[in-house]
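Structure first, then comments.
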Amino acid sequence: MDLVVQKFGGTSVANADRIREVADHVRRCRDRGDQVVLVISAMGKETDELLALASAVSDTQPGRELDMLITAGERKACALVCMALHDLGVPADSFTGSQAGFITDTNHGNAKILEITPSRVQDALDANRVPVVAGSQGVSTENDVTFLGRGGSDTTAVALAHSLGADACELYTDVSGVFTTDPRVCADARKLNSISFDELLEMTAVGCPKPAMRSVEVAQNYGVKLHIRSAFTWEQGTWVVKEEFSMEQPIIRSVTPDTSEAKITVTGVADRPGVAAAMFRQLADAGVNVDMIVQNASERGITDISFTVPDGDVDTAAAITRSLAAEIGATGVAADRDIARISLVGAGMKSHPGVAATMFETLSENQINIEMISTSPIRISCVIRQDHADAATQALHKAFGLSQ
Ligand code: ADP
Ligand code: ASP
Ligand code: MG
């Protein structure tokens with residue numbers, strides 16, 4: 001008998017039929033002899049709708065109230081899943097994050113889990129009932145409801161799986177696993193049967209939406225067995241494993257496009273010690289998440305610095321750099337939202353030269369200009385124009401032989 005934590009959210013529980021399907025799946029798993037713990041996230045696009053509602057009502061949106069609002073989406077979905085289970089004769093109990101023992105810090109909107117004491121979840125399991133836990137939420141050390149952030153239900157599921165000593169954590173979604181690229185962009189994207197934690201972490205860090213990056217980090221740190229799979233076809237999905245060393249290891253595992261970043265270029269910056277420090281310290285203190293940074297070779301003591309930030313941070317980043325202009329001698333600050341970052345990820349590139357060359361050749365053959373480049377031992381990323389994102393993804397997917 002295996003103990004499995006199963007997470008469903010978004011499209012997987014988008015309507016009454018989907019909720020009944022999920023309940024039926026749980027019944028079948030129990031009939032096979034498995035013990036199931038469910039983590040449920042909000043139905044369909046409900047989180048986006050609640051956020052839009054908050055914006056329509058209020059300009060201030062205090063974090064405490066916003067968290068109270070958003071977490072209601074998960075609670076509603078949880079209760080409905082429980083009702084569907086009862087209809088099938090499966091005993092089940094819903095739990096809020098707080099009831100499930102998730103203690104977090106006080107950082108509203110993006111709270112971190114400090115501790116989990118899932119005694120009520122364990123009691124329900126011991127009574128042969130299905131615990132149904134609301135994802136992406138907890139209670140803070142100051143006793144307020146907190147939201148773990150977008151995609152936080154994946155993290156709830158992995159953390160709970162570790163805490164309960166589960167045999168596996170299954171993240172169900174609307175595709176059958178992790179693919180060689182976004183299947184919405186490349187019709188011939190291929191499902192990967194397995195992928196290493198390092199590769200998946202790198203993919204999620206550069207924009208792959210599934211699974212949420214924090215959940216992969218937690219699973220890797222605590223050795224949780226992670227399985228990403230479909231809530232529609234129920235077939236075997238992608239297992240996340242420790243790095244595999246095999247003769248057959250592909251050089252490139254995936255192409256990840258990301259159109260959610262923007263580029264800031266600061267021109268005419270004085271090329272002297274302390275300039276970059278002053279700029280990036282202020283950005284960091286304002287919570288701006290800087291990714292790629294490029295500084296040009298200086299000419300007569302003057303240089304340009306470009307960097308990328310998430311779209312949502314671009315106004316703050318531009319305002320901070322503009323306010324520093326006099327101090328660092330900058331003559332201009334330009335914000336450009338129309339960029340895409342395309343990344344190749346694969347542990348095999350560590351031992352295979354020529355990946356960068358092939359990537360650049362492929363982009364050049366498609367008349368796509370590269371504006372910035374960054375690398376890690378298992379990743380190469382290029383910033384290009386956003387309207388070239390799909391063409392670049394398709395061309396690279398083909399050039400590296402990733403298609404079916
Ligand atoms: P959920 O709502 O189930 O948590 P998301 O909607 O956040 O899931 O993410 C699933 C979507 O991620 C899929 O529909 C798919 O189009 C997209 N996606 C992008 N890149 C990939 C990839 N490399 N592998 C799998 N899915 C991907
Ligand atoms: N419903 C929340 C979101 O959309 C949390 C989650 O799905 O994990 O971000
Ligand atoms: Mg989703």
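As the structure lists them, so they are numbered: ligands from 1, and atoms in each ligand from 1. Note that the coordinates shown come from a computational prediction; the quantities given were computed from them, not determined experimentally.
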Should Gly149 be counted as touching ligand 2, given the test is an N or O pair under 3.5 Å? no

Ligand 1 N/O within reach of Asp182 N/O, cut-off under 3.5 Å: yes

Can a side-chain donor-acceptor contact be found between Ser381 and Ser343 if the only test is distance below 3.5 angstrom? yes

Can you tell me if CD on Glu365 sees more than 12 non-hydrogen neighbours from other groups inside 6.0 Å? yes

Is the number of heavy atoms from other residues, nucleotides or ligands under 6.0 Å of Lys398 NZ greater than 12? no

Would you say the side-chain atoms of Thr233 and Ser176 include a donor-acceptor pair closer than 3.5 Å? no

Hey, what do you get for SG (Cys382) to CD1 (Ile368), rounding to the nearest 0.5 Å? 10.0 Å

Could you establish whether Gly152 and ligand 2 come within less than 4.0 Å of each other, counting only heavy atoms on the residue side? yes

Against heavy atoms of Pro209, which atoms of ligand 1 measure under 4.0 Å? 12 (O), 17 (C), 18 (N), 19 (C), 20 (N)

Is the contact between Thr181 and ligand 1 made by the side chain, the backbone, both, or neither, using heavy atoms and a 4.0 Å cut-off? backbone

Does ligand 2 have any atom that is closer than 4.0 Å to a heavy atom of Gly73? no

Ser153 heavy atoms within 4.0 Å reach ligand 2 at atoms 5 (C), 6 (C), 8 (O)

Thr141 side chain near Ile103 side chain, heavy-atom distance below 4.5 Å: yes

Verify the neighbour count for atom CD of Glu235: are there more than 12 heavy atoms of other residues, nucleotides or ligands below 6.0 Å? yes

Which ligand 1 atoms are under 4.0 Å away from a heavy-atom of Gly177? 24 (N), 25 (C)

Atoms of ligand 1 close to Thr173 [distance to a heavy atom under 4.0 angstrom, numbered from 1]: 1 (P), 3 (O), 8 (O), 10 (C)

Taking only heavy atoms of Phe179 into account, list the atoms of ligand 1 that are under 4.0 Å away from them. 22 (C), 23 (N), 24 (N), 25 (C)

I'd like to check whether Arg184 has a polar contact with ligand 1, where a contact means an N/O of the residue lying under 3.5 Å from an N/O of the ligand. yes

N/O to N/O below 3.5 Å, does that happen between Lys7 and ligand 2? no

Considering only heavy atoms of Lys7, which atoms of ligand 1 have at least one such atom less than 4.0 Å away? 4 (O)

pair Pro211-Thr204: side-chain heavy atoms closer than 4.5 Å: yes

side-chain contact (heavy atoms from CB on, under 4.5 Å) test vs Val178 passes for just one of Met203, Arg229, Lys210, namely Met203

Atoms in ligand 2 flagged as close to Arg150, the criterion being non-hydrogen separation under 4.0 Å: 3 (C), 4 (O), 9 (O)

With a 4.0 Å cut-off on heavy atoms, is Glu74 in contact with ligand 2? yes

Quick one: which ligand 1 atoms are inside 4.0 Å of a heavy atom on Asp174? 10 (C), 11 (C), 13 (C), 14 (O)

With distance as the sole criterion, is a donor-acceptor pair present between the side chains of Asp198 and Gln220 under 3.5 Å? yes

Is the terminal nitrogen or CZ of Arg184 (NZ for Lys, CZ for Arg) located under 6.0 angstrom from the six-membered ring centre of Phe179 and within 45° of that ring's axis? no

Numbering as shown, the atoms of ligand 1 that approach Val175 to under 4.0 Å (heavy-atom distance): 13 (C), 14 (O), 25 (C), 26 (N)

Could you walk me through whether Thr308 and Glu261 pass the side chain to side chain donor-acceptor pair (under 3.5 Å) check? CA-CA 6 Å; Thr308 62; Glu261 293 264 311; 3.3 Å; yes

Hey, is Ser254 one of the residues with a heavy atom under 4.0 angstrom from ligand 1? no

When only distance counts, is Thr47 in polar contact with ligand 2, meaning an N/O pair under 3.5 Å? yes

Are any of the N/O atoms on Lys210, whether in the backbone or the side chain, positioned under 3.5 angstrom from an N/O atom of ligand 1? yes

